[in-house]
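A quick write-up on the structure given underneath.
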Protein chains: 2
Amino acid sequence: MDDDKVFKALGDPTRRKLLDLLYENNGQTLNQLIDGLAMTRQSATQHLDILQAANLITTVKRGREKLHFINPVPLHDVYERWVRKFELQRLTMLYELKKELEGDNE
Amino acid sequence: MDDDKVFKALGDPTRRKLLDLLYENNGQTLNQLIDGLAMTRQSATQHLDILQAANLITTVKRGREKLHFINPVPLHDVYERWVRKFELQRLTMLYELKKELEGDNE
DNA sequence: TTGATATGCAGGCAAATACCTGCCTATTAT
DNA sequence: ATAATAGGCAGGTATTTGCCTGCATATCAA
């Protein structure tokens with residue numbers, strides 16, 4: 001997985017919206033997806049290209065149409081490498097440490 | 001949680017590096033964090049401000065020092081809202097659908 | 001075949017981003 | 001008090017980004 005491509009792809013609200021639209025109805029065409037957005041077809045295409053480069057979607061051509069599908073694998077990788085390791089830390093531990101340090105100068 | 005701030009904060013490799021550094025050694029000062037990077041103190045400060053605005057870190061002043069701590073809560077929220085729901089979809093299901101559609105025009 | 005539909009490709013532009021330099025303030029140590 | 005240390009604040013700039021317009025190509029339907 002390319003960490004950077006995935007995070008950058010997720011860093012834009014339009015691209016997250018596209019993933020949401022595909023989650024609701026997988027396999028949509030470009031024109032179908034545009035209906036859920038407020039921008040030109042060309043702009044949406046650029047976003048979809050970025051999602052595909054990050055491997056967050058795959059496409060299948062059917063005649064003159066291009067169907068888009070979510071690939072959940074990179075999202076799971078994000079979870080494994082970025083979320084799970086932080087879940088072991090308890091916020092309460094941080095609070096206690098914070099209070100202790102604040103006590104030093106008050 | 002502000003989705004957009006969190007995702008944008010995570011969208012930059014330097015900021016992810018900062019979180020990694022804090023994960024290895026929580027509660028570091030600005031100057032300590034700079035040692036792990038290749039940029040000026042001022043630039044690092046801007047990144048840390050963005051992380052704090054996204055609630056991914058909290059800070060505590062101790063004398064002239066400023067200590068930085070990870071807050072794992074937004075990361076967990078990302079998991080809840082973005083990863084878990086996609087985990088229910090099996091990649092194999094997508095593959096089957098993809099094969100079926102490819103069969104339409106081949 | 002001819003028109004309509006679905007998408008691809010190229011370039012332009014304004015705003016956001018990630019750096020930087022330079023200078024100022026606050027705290028600590030001698 | 002004075003110097004060193006830790007950090008804050010204010011621009012300046014080159015690059016990246018997200019959006020657009022305009023035109024080209026490919027497929028389908030009548």
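Note on naming: letters A, B, ... go to the chains in the order of the sequence lines (proteins, then strands), and numbering restarts at 1 for each one.
- Checked against C/dT7, D/dA4, C/dC19, the side chain of B/Thr14 finds its nearest nucleotide in C/dC19.
- In this structure, the side chain of A/Asn71 does not engage the main chain of A/Thr58 through any donor-acceptor pair within 3.5 Å.
- Rounded to whole Å, atom P of D/dA6 lies 16 Å from atom CG of B/Leu48.
- The B/Met39 side chain lies nearest to C/dC19 when the options are C/dC19, D/dA6, C/dA18.
- In this structure, NZ of B/Lys17 is placed 18 Å from P of C/dA18, rounded to the nearest angstrom.
- DNA chain D is contacted by both B/Thr29 and A/Ile50; B/Thr29 maps to the nucleotide lying nearer its 5′ end (nearest heavy atom per residue).
- Distances shorter than 4.0 Å separate none of the side-chain N or O atoms of B/Arg64 from OP1 or OP2 on D/dA4.
- For A/Thr45, counting side-chain heavy atoms from C-beta on, the closest listed nucleotide (C/dG8, C/dA18, D/dG8) is C/dG8.
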Evaluate side-chain contact (heavy atoms from CB on, under 4.5 Å) for A/Arg15 paired with A/Leu51, printing each intermediate quantity in order. CA-CA 7 Å; A/Arg15 291 192 284 272; A/Leu51 288 171; 3.9 Å; yes
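- Close to C/dC19, at under 4.0 Å from its OP1 or OP2, lies a side-chain N or O of B/His47.
- Minimum atom distance to the side chain of A/Asp12 is reached by D/dG18, of the listed D/dG18, C/dA4, C/dT27.
- Atom CD in A/Glu65 sits roughly 10 Å away from atom C1' in D/dC28 (whole-Å rounding).
- Between B/Leu19 and B/Leu10 there is a side-chain heavy-atom pair separated by less than 4.5 Å.
- Atom P of nucleotide D/dT17 and atom CG of A/Asp49 are separated by 14 Å, given to the nearest angstrom.
- Under 3.5 Å, the side chain of B/Arg41 and the base of D/dG8 form at least one donor-acceptor pair of N or O atoms.
- Atom NZ in A/Lys66 sits roughly 14 Å away from atom C1' in D/dT25 (whole-Å rounding).
- Remark on DNA chain C: of its neighbouring residues A/Asn31 and B/Gln46, the 5'-side contact belongs to A/Asn31, judged by nearest-heavy-atom nucleotide.
- Judged by closest nucleotide on DNA chain C, A/Gln42 is the one of B/Ser43 and A/Gln42 placed further toward the 5' end.
- Residues A/Ile34 and A/Ile50 do not share a hydrophobic cluster, clusters being chains of Ile/Leu/Val/Met/Phe/Trp/Tyr side chains in contact below 4.5 Å.
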B/His47 vs B/Met39, side-chain contact (heavy atoms from CB on, under 4.5 Å): CA-CA, chis, key distance, verdict: CA-CA 11 Å; B/His47 285 301; B/Met39 65 177 54; 3.8 Å; yes
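- OP1 or OP2 of C/dC20 lies within a sub-4.0 Å distance of a side-chain N or O belonging to B/Thr40.
- The CG-P distance, from A/Leu30 to C/dA6, rounds to 10 Å in whole Å.
- Rounded to an integer number of Å, the gap from A/Lys61 NZ to D/dA26 P is 9 Å.
- One can place CD1 of B/Ile34 at 17 Å from P of C/dA18, the figure rounded to the nearest angstrom.
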